[in-house]
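Take a look at the structure below.
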Amino acid sequence: MDINDLKQSSKYSWQLDPRGHMRVPVVIYGDYDLVAAMDDKVLKQATNVAALPGIVTASYAMPDAHWGYGFPIGGVAAFDADQGGVVSAGGVGFDISCGVRTLRTGLKVADLELNKRILANALYEEIPVGVGSTGRIRLDDAQMDAMLAGGAQWAVAQGWGSAADLERIEEHGTMRDALPNEVSARAKTRQRSEMGTLGSGNHYLEIQEVSEVYDQRTAEVFGLHTGDIVVTIHCGSRGLGHQIGTEHLRDMAQAAHRHGIDLPDRELACAPIHSAQGRGYLGAMRAAINCALANREIITHLTRQVFARVLPDAQLELLYDVSHNTCKLEQHAVNGEIRQLYVHRKGATRAFGPGHPELPAVFRDVGQPVLIGGSMGTASHVLAGNAGNDALSFASACHGAGRSMSRRRATKTWRGREVIDELEERGIIVRSPSMRGIAEEAPDAYKDVDAVVNAADRAGLARKVARVIPLVCIKG
DNA sequence: ATGTTC
């Protein structure tokens with residue numbers, strides 16, 4: 001984008017003041033190079049979001065932002081229901097509650113040396129991955145509704161997970177106020193056999209090594225040390241979330257006029273929070289959040305079974321589980337006044353700072369773990385929510401590296417096999433059913449995750465704690 | 001992201 005259109009509001013933020021239909025400014029976080037390299041559509045889409053009814057403070061874009069459906073991916077926007085505020089299916093995205101969880105293993109790099117390939121093969125064997133993949137679990141109607149209401153707590157109660165994990169999951173494992181009855185039969189049918197599956201696209205399961213620690217005190221609280229082996233799982237709500245997104249985008253676009261909402265872009269389809277349609281979407285979306293939380297818990301269970309067989313000394317303990325495609329009702333201070341706001345984070349991670357009452361006691365002093373997944377073959381990062389970020393981004397940070405090249409262009413640029421061979425030479429084992437998927441996900445189709453994370457850190461959104469590098473990647 | 005143009 002032409003960065004000259006923006007005024008630099010701090011060393012790592014850029015602002016567009018309200019004009020035209022905008023009700024609030026746009027604020028984009030990043031250094032000069034990151035913001036200048038962003039597609040024009042990021043600014044256009046963030047500007048459109050700034051025009052939606054009931055938006056509060058600003059329409060934000062994180063340092064990894066790129067253009068998406070309606071809202072930018074990497075977008076954060078909060079709405080006040082009592083001031084005509086809206087909820088937007090496009091503001092959450094198709095992969096509802098897509099997110100990341102990281103597990104500590106108690107292993108060091110040397111423990112993996114002999115078994116790395118065996119482990120990679122066993123994980124690839126046991127964890128269903130790829131488009132349309134199904135698992136061994138089948139849910140009947142009653143079980144489906146219980147899952148959609150209970151999330152990871154439900155999974156644990158079924159024996160697929162560990163009760164100790166629950167406090168280390170956002171919402172303590174269960175998204176409240178989910179409405180399974182608002183989820184269509186078609187969405188439920190699509191999900192019936194997909195519990196405990198990774199999916200495709202940018203989803204993955206990685207075995208990683210902690211390569212650097214930046215914040216010793218926080219890393220100690222998180223239980224991370226240089227040379228530690230961790231497992232990170234990135235996936236979402238599979239066919240169910242996608243179906244809910246598809247249906248509600250369509251319905252919201254059709255009904256916007258009836259609600260008196262003038263959409264600057266049809267893709268920004270939304271409905272008043274105080275409307276049957278808004279309530280219906282929120283209920284279904286929360287059910288999809290539970291689906292994603294249950295899904296990641298089940299995949300964790302499968303992962304533990306594989307480790308128990310291959311490396312019985314390992315103890316997989318959850319560090320934390322974060323979602324980065326959600327709309328959540330949260331309390332935020334706006335100009336000194338506490339307000340209840342519906343915060344959309346689309347490709348943005350919640351990053352509650354120290355002392356936040358939602359956090360489990362273990363993180364109370366240091367802030368929430370903010371898990372940033374890199375692209376395949378590159379580093380990932382663990383950050384911690386910063387005091388004061390409430391005023392910067394409704395306590396949000398980036399979610400990953402962010403694409404810099406379209407999937408289509410990536411498939412014309414790389415062959416999957418070559419990408420895998422190159423990674424293999426660097427000691428990274430990749431297993432995937434889709435060579436096209438691998439080409440789409442080639443490391444260079446993404447921004448530099450280290451630059452993105454540095455910008456988030458320096459902008460004050462979240463602070464760097466540790467960097468991890470991949471050893472094994474099971475890719476969708 | 002996605003039973004990958006339902």
Side-chain angles (χ1 to χ4, degrees), chain A residues 45 64-75 88-100 128-135 137-139 144 183-205 233-251 253-254 267 269 284-285 288-289 291-293 295-296 299 322-327 344-349 373 375-376 399-412 416 432-442 445-446 474-476:
Chain A
Q45 292 187 322
D64 53 337
H66 54 111
W67 69 276
Y69 189 94
F71 279 55
I73 296 164
S88 168
V92 172
F94 284 98
D95 191 6
I96 297 168
S97 198
C98 180
V100 179
V129 57
V131 175
S133 57
T134 54
I137 297 169
R138 299 285 177 278
L139 301 184
M144 178 65 67
V183 177
S184 70
R186 194 170 187 187
K188 291 176 181 175
T189 300
R190 284 182 68 170
Q191 194 59 30
R192 198 166 300 283
S193 308
E194 290 195 343
M195 295 310 295
T197 66
L198 265 181
S200 62
N202 63 6
H203 292 170
Y204 60 77
L205 182 153
I233 295 164
H234 177 208
C235 64
S237 53
R238 306 288 286 107
L240 181 131
H242 193 273
Q243 186 64 30
I244 291 170
T246 303
E247 292 165 6
H248 285 264
L249 274 164
R250 181 196 60 208
D251 295 349
Q254 284 171 357
E267 292 186 358
M285 182 214 54
I289 291 178
C291 177
L293 299 181
N295 194 33
R296 291 196 286 273
I299 292 171
V322 299
S323 296
H324 48 230
N325 287 353
T326 59
C327 176
H344 294 69
R345 295 189 182 89
K346 181 186 188 180
T349 311
S375 53
M376 183 176 54
H399 83 304
R403 289 200 79 87
S404 59
M405 186 189 286
S406 71
R407 293 188 176 277
R408 187 179 166 75
R409 200 173 140 212
T411 56
K412 290 176 186 287
S432 173
S434 168
M435 286 309 107
R436 178 180 149 188
I438 294 294
E440 289 182 355
E441 292 292 320
Y446 281 81
I474 310 299
K475 188 76 177 168

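Every chain is numbered from 1, with letters handed out A, B, ... down the list of sequences.
A side-chain N or O of E441(A) and one of Y446(A) form a donor-acceptor pair less than 3.5 Å apart.
Counting to the nearest Å, the C1' atom of dC6(B) and the CG atom of L249(A) are 15 Å from each other. A straight line from CD of E441(A) to C1' of dT2(B) spans 14 Å, rounded to a whole angstrom. At whole-Å resolution of the value, CZ in F94(A) and C1' in dT5(B) are 13 Å apart. R250(A) places its CZ atom 19 Å from the P atom of dT2(B), with the value rounded to the nearest Å. Distance CD (E194(A)) to C1' (dT4(B)): 13 Å, rounded to an integer number of Å.
A donor-acceptor contact under 3.5 Å links the side chain of R186(A) to the base of dC6(B).
Taking S200(A) as the reference, V131(A) meet the side chain to side chain contact (heavy atoms under 4.5 Å, CB included) condition, with sequence neighbours excluded. For S193(A), the side-chain hydrogen bond (donor to acceptor under 3.5 Å, both in side chains) partners are R138(A), not counting sequence neighbours. Every ring pair (Phe, Tyr, Trp, His ring centres under 6.0 Å) that H399(A) has, sequence neighbours left out, goes to H324(A). Taking the side-chain hydrogen bond (donor to acceptor under 3.5 Å, both in side chains) definition, one finds that S184(A) meets it with E247(A), sequence neighbours left out. Remark: H66(A) pairs with no residue by the side-chain hydrogen bond (donor to acceptor under 3.5 Å, both in side chains) rule, at least two apart or across chains.
Non-hydrogen atoms lying under 4.0 Å from DNA chain B are contributed by R238(A), G239(A), H242(A), all within residues 238-246 of chain A.
In this structure, S200(A) does not reach the dT4(B) phosphate: none of its side-chain N or O atoms is under 4.0 Å from OP1 or OP2.
The residue E440(A) sits apart from the nucleic acid: no heavy atom pair falls under 4.0 Å.
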